[in-house]
**Q** 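Can you read through this structure? Questions will come right after.
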Amino acid sequence: MKQVILTGDRPTGRLHVGHYVGSLKERVKLQNSGKFDEIYIMIADAQALTDNAEHPEKVRQNILQVALDYLACGIDPEKATIFIQSMVPELTELSFYYMNLVTVSRVQRNPTVKAEIQQRNFEASIPVGFFCYPISQAADITAFRATAVPVGEDQMPMIEQCKEIVHKFNSVYGETLTDPKIVLPDNQACLRLPGIDGKAKMSKSLGNCIYLSDEADDIRKKVMSMFTDPNHLRVEDPGQVEGNPVFIYLDAFSRPEHFAEFLPEYQNLDELKAHYSRGGLGDVKVKKFLNNVLQAELAPIRERRKMWESRIEDVYDLLRVGSEKARETAASTLHDVRHAMKIDYFDDSNLLK
């Protein structure tokens with residue numbers, strides 16, 4: 001069986017460091033592993049419109065921004081197909097067929113859907129398209145016969161629901177769809193970075209993000225304003241490491257070489273945590289170290305982004321070509337789905353048979 005990756009992001013804003021450690025970094029690693037035959041990376045504009053229908057310009061303006069972030073992080077258009085979801089209408093048709101295999105109560109129980117409905121204050125006014133987006137996501141994954149889906153931890157319930165749809169379809173219509181596996185980052189701290197304000201999730205809508213495209217001075221200001229242990233009022237006070245956003249970020253980003261370069265009085269992060277826990281280490285010193293670590297990680301990304309910005313017509317062309325290729329692949333899967341469902345009426349006069 002071909003080894004295929006399908007993953008993507010909603011173009012509702014520039015991508016941030018939560019996206020980077022949660023899935024983008026893993027995508028680049030998998031892309032360069034040589035283990036995959038095909039890699040599809042989707043800019044999920046149709047999905048973004050499910051809760052931005054009245055503001056399509058917001059989605060439109062961010063398509064190129066997300067593409068630039070992909071390329072800046074190291075997604076290689078020679079190895080990966082970057083495409084725009086709405087340019088592949090076969091995905092919509094697959095979603096429609098899959099809707100018949102899922103109950104309303106099952107979608108309501110999806111933890112990701114429940115959390116996002118609450119976050120957006122939809123209550124009873126849930127757009128149907130938004131409510132059904134786990135089904136749409138299953139169409140995206142299965143259309144490309146993805147065997148691996150590298151995403152953040154918050155998407156696990158969505159992949160589980162996709163697997164249920166695959167099993168249901170195959171049991172009713174015969175083995176047709178590919179069963180995907182979720183790929184999570186190895187580093188636990190990368191599963192979900194908190195916002196710089198200490199809230200559980202870094203979110204564009206909450207304005208608590210460090211963006212991949214932020215300039216060096218913006219990164220420094222955001223790091224120095226980060227929420228830490230509210231009880232660590234004086235340098236000599238013992239500090240809380242667990243749940244402290246600054247240390248969660250250090251868990252996700254710092255490496256031994258960073259200590260050698262920026263904080264040589266400590267051998268590693270465990271030593272830094274131990275000193276903070278027993279007291280005698282101030283938040284400012286730790287934040288300055290985190291700033292240096294993030295600057296070292298994000299500077300090359302920022303420079304690659306500026307290079308691609310100067311070649312924006314090339315970015316446009318690779319999105320157009322990628323969308324055409326993605327459509328060919330999705331059309332092949334849709335053909336097999338229609339055949340399995342026996343609704344390919346005019347292929348070889350099937351309606352007459």
Side-chain angles (χ1 to χ4, degrees), residues 2-15 19-20 23-49 56 58-95 133 136-151 155 162 178 180 183 212-213 301 304-336:
K2 270 191 192 177
Q3 295 302 299
V4 181
I5 286 175
L6 182 283
T7 186
D9 300 276
R10 290 158 47 99
T12 53
R14 294 170 294 151
L15 301 183
H19 294 117
Y20 179 66
S23 64
L24 288 171
K25 198 172 182 180
E26 186 69 22
R27 293 176 202 177
V28 174
K29 177 181 166 186
L30 294 172
Q31 165 197 273
N32 296 332
S33 69
K35 295 178 180 177
F36 292 89
D37 301 291
E38 296 175 7
I39 299 170
Y40 294 91
I41 302 181
M42 180 178 74
I43 300 177
D45 65 320
Q47 192 179 110
L49 286 168
K58 174 184 175 183
V59 176
R60 179 187 177 88
Q61 289 166 4
N62 282 299
I63 286 173
L64 283 172
Q65 296 301 319
V66 170
L68 286 167
D69 284 331
Y70 285 161
L71 295 165
C73 287
I75 297 298
D76 184 349
E78 295 294 321
K79 298 178 180 177
T81 301
I82 305 174
F83 70 96
I84 302 172
Q85 184 183 27
S86 64
M87 296 295 97
V88 186
E90 289 78 5
L91 301 176
T92 308
E93 188 172 342
L94 285 171
S95 299
Y133 94 77
S136 167
Q137 203 163 26
D140 301 332
I141 293 166
T142 58
F144 299 96
R145 304 190 184 281
T147 55
V149 186
V151 290
Q155 292 298 305
C162 175
T178 302
V183 180
L212 296 173
S213 54
I301 293 173
R304 280 195 297 270
R305 196 181 204 277
K306 288 177 179 176
M307 182 274 290
W308 280 107
E309 283 175 339
S310 70
R311 298 173 52 189
I312 201 68
E313 289 188 3
D314 291 339
V315 178
Y316 171 87
D317 284 339
L318 71 87
L319 286 176
R320 180 180 54 78
V321 172
S323 297
E324 290 169 359
K325 179 182 176 183
R327 187 169 186 188
E328 287 178 12
T329 304
S332 173
T333 302
L334 179 59
H335 175 273
D336 292 347

**Q** Locate the shortest heavy-atom distance separating E26 from V183; write the atom from each residue and the value.
**A**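 Closest heavy-atom pair between E26 and V183: OE2-CG1, 3.9 Å.
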**Q** Take the angle between the ring planes of F83 and Y40 and call it parallel below 30°, perpendicular above 60°, tilted in between.
**A** perpendicular
**Q** To the nearest 0.5 Å, what is the distance between CZ on R10 and CE on M42?
**A**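 It comes to 10.5 Å.
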**Q** Considering all heavy atoms of both residues, which atom of P77 and which atom of W308 are nearest to each other, and what is their separation?
**A**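 Closest approach of P77 to W308: CG-CH2, 4.5 Å.
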**Q** Classify the side-chain pair S323/R327 by whether it contains a donor and acceptor separated by less than 3.5 Å.
**A** no
**Q** Kindly indicate, with the supporting measurements, whether the criterion side-chain contact (heavy atoms from CB on, under 4.5 Å) is fulfilled by L212 and L24.
**A** CA-CA 11 Å; L212 296 173; L24 288 171; 3.8 Å; yes
**Q** Under 3.5 Å, is there a donor on one side chain and an acceptor on the other for D140 and Q85?
**A** yes
**Q** In a check of salt bridge (Lys or Arg N to Asp or Glu O under 4.0 Å) between E38 and each of K2, K79, K325, which one passes?
**A** K2
**Q** Closer than 3.5 angstrom, by distance alone: can the side chain of T147 be matched with the main-chain N or O of V4 as a donor-acceptor pair?
**A**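 Judged by distance alone, yes, a pair lies under 3.5 Å.
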**Q** Say whether, by atom type as modelled, one donor and one acceptor occur between the side chain of T7 and the main chain of P150 under 3.5 angstrom.
**A**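 Indeed, once roles are kept as given, a pair shorter than 3.5 Å links the two residues.
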**Q** Could you check whether R145 pairs with D336 (Lys NZ or Arg NE/NH1/NH2 to Asp/Glu carboxylate O, under 4.0 Å)?
**A**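 Salt bridge: yes.
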**Q** For A80 and Q31, which heavy atoms make the closest approach, and how far apart are they?
**A** CB-OE1, 4.0 Å
**Q** For the atom pair CD1 (I63) and CG (D45), what is the distance rounded to the nearest 0.5 Å?
**A**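 If we round to the nearest 0.5 Å, I63:CD1 and D45:CG are 4.5 Å apart.
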**Q** Could you list the residues that satisfy ring-ring contact (aromatic ring centres under 6.0 Å, His included) with Y20, not counting sequence neighbours?
**A** none
**Q** State plainly whether the residues D69 and R304 are in salt-bridge range, i.e. N to O under 4.0 Å.
**A**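 Salt bridge absent between D69 and R304.
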**Q** Tell me the closest heavy-atom pair linking A143 and L91, and the distance in Å.
**A**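 So the two residues come closest at CB-CD2, 3.4 Å.
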**Q** Kindly indicate, with the supporting measurements, whether the criterion side-chain contact (heavy atoms from CB on, under 4.5 Å) is fulfilled by I5 and V149.
**A** CA-CA 6 Å; I5 286 175; V149 186; over 6 Å; no
**Q** With rounding to the nearest 0.5 Å, note down the distance linking CD1 in I312 to CG in D314.
**A** 9.0 Å
**Q** Between L30 and K35, does a side-chain contact (heavy atoms from CB on, under 4.5 Å) hold up when you go through it step by step?
**A** CA-CA 7 Å; L30 294 172; K35 295 178 180 177; over 6 Å; no
**Q** Of all the heavy-atom pairs spanning I301 and A72, show the shortest one and how long it is.
**A** O-CB, 3.3 Å
**Q** If you take all heavy atoms of Q65 and Q61, which pair is closest and at what distance?
**A**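 Looking at all heavy atoms of both residues, the closest pair is CG-O, 3.6 Å.
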**Q** If you round to the nearest 0.5 Å, how far is CZ of R305 from OG of S310?
**A** 12.0 Å
**Q** Check the pair R14 / V66 against side-chain contact (heavy atoms from CB on, under 4.5 Å), numbers first and verdict last.
**A** CA-CA 6 Å; R14 294 170 294 151; V66 170; over 6 Å; no
